Amino acid sequence: MTEPTGSPPSPTPPPTGSWQPPSSGTSDFGVPVAAGPAPGVAYADLVQRIIAYIIDAILLSVIYFILAAILVPILFVSGGFTGALIALVVLGGLYLVGSALYFIYTWTSMRASPGQRVLGLETVNATDGATITRDQAIRRWAFLFGPSVLSTVFQFTLAGQLGLLSTVVSLLVFVYYIYLLYSASQHPKRQGFHDVQSNTVVIKRS
């Protein structure tokens, strides 16, 4: 008796939202890149992440310079150089607060900053690919931008009196960001130090 012919049954697809154990993929920066955590999902390339950040930085800078063009002349006319200095300090604070709101809101509501959305990237929970929580977004922003925030505050408060120390602080912040890039380039999932601390990962869907 012959067996019935026909094509073998197709494998059952994984349930929506589940991520598969990663395996080694192509090499990047001398370190094997882990395969995507789920079908159609890959860990984002570091160069694309840098470009996305540049886009976000440009958007924030445009808003900052528009506010500066309005606020500085007004306070300069009313308070002279002192008023202009106050305007710069206020603008610096607004930029820092605006940066936090910009990234924390977009990461938690849209799963990506505007710059990331342009390139089809998402910042998600590293465990299951879910939208990150507000706590995760705050921690990620703190580890990613916190040093620059502290450096800016230091510049405003002590730069005039401790110029050499201010330069050292700026250099340390620069070294920290080099470390973030290095840590991301050496991680199989391209998780930088800030991603590890917040349990996040940046992905790209095909």
Side-chain angles (χ1 to χ4, degrees), residues 14-60 96 99-152 169-206:
T16 303
S18 66
W19 283 25
Q20 307 304 308
S23 59
S24 296
T26 59
S27 178
D28 188 14
F29 295 99
V31 177
V33 181
V41 180
Y43 294 112
D45 179 83
L46 186 58
V47 174
Q48 289 184 317
R49 292 173 61 176
I50 294 174
I51 295 174
Y53 172 73
I54 292 174
I55 295 173
D56 288 320
I58 291 174
L59 292 175
L60 286 171
L96 299 178
S99 169
L101 295 176
Y102 176 91
F103 286 104
I104 292 171
Y105 173 77
T106 55
W107 286 338
T108 55
S109 64
M110 301 188 297
R111 294 169 60 94
S113 68
Q116 289 178 321
R117 288 178 66 86
V118 169
L119 299 178
L121 308 181
E122 296 179 11
T123 299
V124 298
N125 188 301
T127 304
D128 56 7
T131 302
I132 65 175
T133 64
R134 183 177 299 177
D135 179 66
Q136 284 179 291
I138 292 173
R139 279 187 284 136
R140 191 174 196 270
W141 182 87
F143 280 100
L144 187 56
F145 298 104
S148 64
V149 171
L150 295 177
S151 176
T152 301
V169 171
S170 298
L171 179 61
L172 290 176
V173 171
F174 176 75
V175 171
Y176 175 76
Y177 283 110
I178 293 297
Y179 169 69
L180 289 186
L181 288 173
Y182 175 79
S183 61
S185 70
Q186 298 302 300
H187 198 286
K189 297 180 182 179
R190 292 300 173 257
Q191 286 178 286
F193 176 72
H194 55 295
D195 289 309
V196 173
Q197 298 304 313
S198 56
N199 192 37
T200 59
V201 67
V202 181
I203 61 170
K204 183 177 180 64
R205 298 184 185 276
S206 60

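Since the structure is predicted, the reported quantities are computational estimates derived from the model, not experimental observations. All values below come from the heavy atoms of this structure, side chains included, with hydrogens, waters and symmetry mates left out.
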*asked:* Side chains of Phe103 and Asp56, heavy atoms from C-beta outward: is any pair under 4.5 Å?
replied: yes
*For Lys189 and Pro37, indicate whether the former's side chain and the latter's backbone hold a donor-acceptor pair under 3.5 Å.*
no
*Sequence neighbours excluded, which residues qualify as side chain to side chain contact (heavy atoms under 4.5 Å, CB included) partners of Thr131?*
Arg111
_Return the CZ to OH distance between Phe193 and Tyr177, rounded to the nearest 0.5 Å._
12.0 Å
*Would you call Leu59 and Tyr102 a side-chain contact if the rule is heavy atoms closer than 4.5 Å?*
yes
*Of all heavy-atom pairs between Val202 and Leu121, which one has the smallest distance, and what is that distance?*
CG1-CB, 4.1 Å
*What heavy-atom pair brings Ser183 and Gly192 nearest, and what distance separates the two atoms?*
OG-CA, 3.4 Å
_Neighbour count above 12 (heavy atom, 6.0 Å) for Arg117 CZ_ = no
*Hey, which of Arg190, Arg140, His187 is the one that makes side chain to side chain donor-acceptor pair (under 3.5 Å) with Asp195?*
Arg140
_From OG (Ser99) to CH2 (Trp141), nearest 0.5 Å_ = 5.5 Å
*Give, for atom OG of Ser113 and atom CD1 of Ile104, the distance between the pair rounded to the nearest 0.5 Å.*
13.0 Å
*Return the minimal non-hydrogen interatomic distance between Thr108 and Thr133, and the atom names on each side.*
CG2-O, 3.7 Å
*Smallest separation among heavy atoms of Val201 and Ala126, with atom names*: CG1-CA, 3.8 Å
*Just wondering, do Leu180 and His194 contact through their side chains at under 4.5 Å, heavy atoms?*
yes
*Interatomic spacing from OG1 in Thr106 to CD in Gln116 - rounded to 0.5 Å*: 7.5 Å
*asked:* Quick one, Arg49 and Tyr53 - any side-chain contact, counting heavy atoms below 4.5 Å?
replied: no
*asked:* Test side chain to side chain contact (heavy atoms under 4.5 Å, CB included) on Ile51 and Val118; report intermediate values, then the result.
replied: CA-CA 10 Å; Ile51 295 174; Val118 169; over 6 Å; no
*Could you grab the distance from atom OG of Ser198 to atom CG of Asp135, nearest 0.5 Å is fine?*
9.5 Å
*asked:* To check you understand the geometry: which heavy-atom pair defines the closest contact between Gln191 and Val196, and what is its length?
replied: CB-CG2, 4.0 Å
*Rounded distance (nearest 0.5 Å) linking atom CD1 of Ile132 with atom CG of Asn199*: 10.0 Å
*Please name the pair of heavy atoms, one in Pro147 and one in Val173, separated by the smallest distance, quoted to 0.1 Å.*
O-CG2, 3.7 Å
